[in-house]
Amino acid sequence: STVWVQQVGCGVQALTFARDGRTLYTLDAKGRLIAWDTSTRAKREIKQEVWWTNGYDESFLELPNGWLVIDVFEDFNLVDPATGDYTIRK
């Protein structure tokens, strides 16, 4: 099997794969949400929100509709990875 090592510039706080396995989403210590194409290893920055990260509480997953749920503090942030649009749910 192949190992993929990628330098991201700062610590990864959370990660999740898309349900189809073709995209790896990472949330880094600077609050950058990045989509990585698993076949080409190309990256696409979706959004940067510094308040998404606090160093220990972040987690996220992909919903069946393709949106991402980012759990930060006591809020849930819904993010459309195609556009970067997001909404906050308390």
Side-chain angles (χ1 to χ4, degrees):
S1 75
T2 303
V3 175
W4 176 14
V5 177
Q6 181 72 45
Q7 189 170 22
V8 296
C10 61
V12 172
Q13 301 296 312
L15 57 88
T16 193
F17 280 96
R19 292 178 310 130
D20 64 10
R22 292 185 285 200
T23 305
L24 172 65
Y25 297 104
T26 59
L27 182 63
D28 71 20
K30 292 184 178 179
R32 292 180 299 185
L33 178 60
I34 298 173
W36 299 90
D37 183 304
T38 58
S39 62
T40 66
R41 299 182 182 179
K43 79 174 187 177
R44 177 177 57 88
E45 189 168 321
I46 297 171
K47 191 78 174 170
Q48 181 168 1
E49 293 293 338
V50 175
W51 50 266
W52 280 352
T53 61
N54 65 13
Y56 57 88
D57 259 355
E58 307 81 22
S59 61
F60 68 116
L61 57 92
E62 184 187 42
L63 297 174
N65 67 359
W67 280 56
L68 300 171
V69 175
I70 302 174
D71 177 12
V72 180
F73 305 111
E74 296 175 0
D75 298 333
F76 291 94
N77 302 276
L78 300 173
V79 182
D80 181 349
T83 64
D85 292 340
Y86 70 95
T87 185
I88 300 171
R89 304 279 189 225
K90 300 232 179 231

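Residue indices begin at 1 and follow the sequence shown. Remember, it's a predicted structure, so these values are computed and weren't measured experimentally.
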Donor-acceptor contact below 3.5 Å, side chain Thr38 vs main chain Gly21: yes
Sub-3.5 Å donor-acceptor pair from the side chain of Gln48 to the main-chain atoms of Lys30, do we have one? yes
Any side-chain heavy-atom pair from Ile46 and Tyr25 closer than 4.5 angstrom?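 Yes, their side chains come closer than 4.5 Å.
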Would you say Phe60 and Val69 make side-chain contact, with heavy atoms under 4.5 Å? no
Could you give the distance from [atom1] ([X]) to [atom2] ([Y]), rounded to the nearest 0.5 Å?
X	Y	atom1	atom2	value
Arg19	Leu61	CZ	CG	10.5 Å
Leu15	Asp28	CG	CG	11.5 Å
Arg89	Asp71	CZ	CG	14.5 Å

Do Arg22 and Asp20 sit within salt-bridge range, that is, some charged N less than 4.0 Å from a carboxylate O?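 Between Asp20 and Arg22 there is a salt bridge, with a charged N closer than 4.0 Å to a carboxylate O.
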Which atoms form the tightest heavy-atom contact between Ser59 and Ala14, and what is the distance?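 Closest approach of Ser59 to Ala14: CA-CB, 4.3 Å.
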What pair of heavy atoms forms the shortest contact from Thr23 to Ala35, and how long is it? CG2-CB, 3.8 Å
Kindly work out whether a path of hydrophobic side-chain contacts (I/L/V/M/F/W/Y, heavy atoms less than 4.5 Å apart) joins [X] to [Y].
X	Y	answer
Phe17	Trp36	yes
Ile88	Phe76	no
Tyr86	Leu68	yes
Ile34	Val12	yes

[X]: which residues meet the side-chain hydrogen bond (donor to acceptor under 3.5 Å, both in side chains) condition with it, sequence neighbours left out?
X	result
Asp37	Ser39, Thr40
Asn65	none
Arg44	none

